[in-house]
Amino acid sequence: MGTDVFSLRCTARSGVGQGRLVSGLLALLFAVGCHSEPTLDEIVVLQMDGHFAETLEMLRARIDDGRAGPDVLYHYGVALSRTGNITQALWPLREAARDPDWFSRAQMEITAGAYRTGNFDFAVEQLGVMIEREPDNAGALRMRGMSRLHTRRDYEGALADFDLAVVLEPDGVDMGVARIVALLGLERIDEAGEALEALASDPNDSEEAGADAAVYGKQFEVLACAASAKFAEEKGEFETARERYTGCLEDYPAASLVIKEALDFFQKHGEAERSEDILRAAYEQAPEDRSIRIAWARTRQLQGHIDEAEAVLREAAQAMRPGAWLDLGGFLRDEGKLDEALEVYEQGVELGASTPDFKFAYAEALLQAERFEDALALADAIEVASYASLIRGRVALDQGRAAEALAHFGEGTLLWPDNAVARYYTARAAEQMGDFDRAIEEYRYAIRVEANATDARHRIARIHLAENSPDAALYMIRYQGIRSEKAEKDW
């Protein structure tokens, strides 16, 4: 009686062209296990229907047994990126991009992940790599222009990208509103005003603005709203700007760009007391938005309302919001409540928290509590190899086995080269081994990745002092100040 699931599995395999009709069943059947593994075509069908998490193990198995072609690496990177593991997705996507046939897709996936998570500087960098190879790629130029706008530092470059994209693809998306934002950023107020008037009066321009929004979604609408308010502010029409910022906050209370620009405006115009209301409204509108939730909890923490900050994070954890158990555990560790943090991590495990980031944070707390065996056991359960190597290396380093630690850290940095923490601990291990040249290089790498790596700067300065190089030591101590001054000038 009933349908034999294995027969259905075989039926599904025989008709990949009908895959979207059975992708939900495929996900279930692959999960319970079958006598033969899914084909790559079937895995792609699952991803087309949004089952990215279900494809991770299937693709990882292919990579582990040596079938890591560019197609497999690309889809593995897509699965990681779409499940929130943006940093871990970089390695497979970069490897896939080495193949000319997969370069464009892999590079755009890297960029899309950066854009989705607000890492616009990295998006600009990666799009530059793509445009260097494909200078006539109008889509990449438009995306780089949008990313440059969001950095709020390179309006001239954004405008140039938009204009070149129009030349290359006259019938493509015009990016009219985006150009207005760029003109405002360049303080070309009259030109921006003329463009705004044209957009309001010309139905064709309005349709183009609608096309812009269709391509870039709500982020574009938010950008346009903030640009209109900023335009009034730059013209000195402060009452109009106040009304427009207020309207933007009503329409997009949880949009980070609107929040930032509005906070800046009200701060400059003597209404700093509105800040708390703006942040509270953002949290009430989007408690599921992790970045807003963390910002609100952090604000209350800094204002001395520790219990309220903790309550915000606990409420999210009980509601099983993504990342909430991780955030609550981290908050408690910051507050010096290690035992409570460990209880939170354990409770999170019982309730199903199992992302690699969560396991890694839990393992770090176990290390802090010197529960080394438990940390190693957790490392064995972490799916991301670079995380596992880092935990094993930390245990070995804390137990005085520097050579073993260095080997583990070496594995981790090979898999995740841009991890500042891994580079820092690699340097610590090299320093303990007496390999000061490598220690200096690894500390420098950590600082290049993360300019706020204060302890790395202090440690490299100590090495320079021991080598009787006080000028080099002083430079490293002042490094962050130099970077901050430069950033302020660039801004």
Side-chain angles (χ1 to χ4, degrees), residues 50 52-53 81-86 113-120 150 216-223 225-226 245-267 271-335 337 340-341 343-362 365:
F52 297 104
S81 179
R82 303 301 175 84
T83 53
N85 297 295
I86 305 297
Y115 193 89
R116 285 196 306 271
T117 55
N119 193 350
F120 300 113
H150 280 290
Y216 293 101
K218 192 171 183 178
Q219 279 191 327
F220 190 92
E221 298 175 12
V222 169
L223 193 63
C225 190
Y245 278 124
T246 299
C248 289
L249 287 167
E250 291 173 355
D251 292 338
Y252 311 107
S256 58
L257 178 61
V258 169
I259 292 170
K260 181 189 182 303
E261 296 295 344
L263 288 174
D264 288 347
F265 174 82
F266 292 124
Q267 181 74 33
E271 298 180 64
E273 68 280 359
R274 292 192 61 172
S275 298
E276 185 174 331
D277 292 336
I278 290 170
L279 292 170
R280 187 186 299 275
Y283 171 68
E284 291 175 351
Q285 173 70 23
E288 75 285 351
D289 187 307
R290 188 180 177 193
S291 61
I292 289 175
R293 181 172 67 244
I294 292 172
W296 177 236
R298 180 63 172 165
T299 297
R300 302 308 283 161
Q301 182 185 20
L302 292 174
Q303 291 174 339
H305 302 287
I306 307 300
D307 291 343
E308 184 178 344
E310 184 175 333
V312 166
L313 297 176
R314 283 194 180 277
E315 181 180 343
Q318 295 300 327
M320 294 303 293
R321 305 284 191 198
W325 290 102
L326 171 63
D327 300 332
L328 177 59
F331 171 85
L332 292 170
R333 287 174 62 195
D334 286 344
E335 288 294 313
K337 302 177 180 179
E340 290 184 41
E343 290 177 7
V344 162
Y345 290 129
E346 289 162 7
Q347 188 176 1
V349 169
E350 292 172 1
L351 294 175
S354 61
T355 66
D357 286 344
F358 175 83
K359 292 177 182 176
F360 183 71
Y362 186 9

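Because the structure is predicted, anything quoted here is derived from the model rather than measured.
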Exercise. With side chain to side chain contact (heavy atoms under 4.5 Å, CB included) as the test, would you mind laying out the steps for E271 and E273 before giving the verdict?
Key: CA-CA 5 Å; E271 298 180 64; E273 68 280 359; 4.0 Å; yes
Practice problem: Decide yes or no on side chain to side chain contact (heavy atoms under 4.5 Å, CB included) for R314 and V344, but give the supporting numbers first. | Solution: CA-CA 9 Å; R314 283 194 180 277; V344 162; 4.1 Å; yes
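Between the W325 side chain and the A317 main chain, a donor and an acceptor come within less than 3.5 Å of each other.
Summarising the geometry of F358 relative to L326, their closest heavy-atom pair is CD1-N, 3.9 Å, with the distance given to 0.1 Å. Considering every non-hydrogen atom in both Y345 and G329, the closest pair reads OH-C, 3.4 Å. Smallest separation of non-hydrogen atoms from A309 and A297: CB-O, 3.2 Å. When all heavy atoms of A262 and L249 are compared, the pair lying nearest together is CB-CD1, 3.8 Å. Scanning all heavy atoms of the two residues, the minimum distance from D327 to R290 falls at OD1-NH2, 2.8 Å.
Considering only heavy atoms from C-beta on, E340 stays 4.5 Å or farther from F331 through its side chain. Counting heavy atoms from C-beta outward, T299 and H305 have side chains that stay 4.5 Å or more apart. Using a 4.5 Å heavy-atom threshold, the side chains of Y362 and E346 count as touching. Side-chain contact between V312 and R300: absent, with no pair of heavy atoms (C-beta onward) separated by less than 4.5 Å. Side-chain contact check for E276 versus Q303: some heavy-atom pair is nearer than 4.5 Å. Side-chain contact between Q318 and M320 is absent, with no heavy atoms from C-beta onward closer than 4.5 Å. The side-chain heavy atoms of L279 and R298, taken from C-beta on, include no pair separated by under 4.5 Å. Within the 4.5 Å cutoff, the side chain of L263 has no heavy atoms near those of the R274 side chain.
Between F265 and Y245, the ring planes lie tilted relative to each other; the angle falls in the 30° to 60° range.
No salt bridge links R293 with D289; every basic N to acidic carboxylate O contact stays at or beyond 4.0 Å.
Remark: R280 CZ to I292 CD1 distance equals 14.5 Å, nearest 0.5 Å. Interatomic distance, SG of C225 versus CD of E261, reported as 11.5 Å (0.5 Å rounding).
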Let me check something: any side-chain donor-acceptor pairs from residues 281-288 under 3.5 Å, sequence neighbours excluded? List them with distances.
none

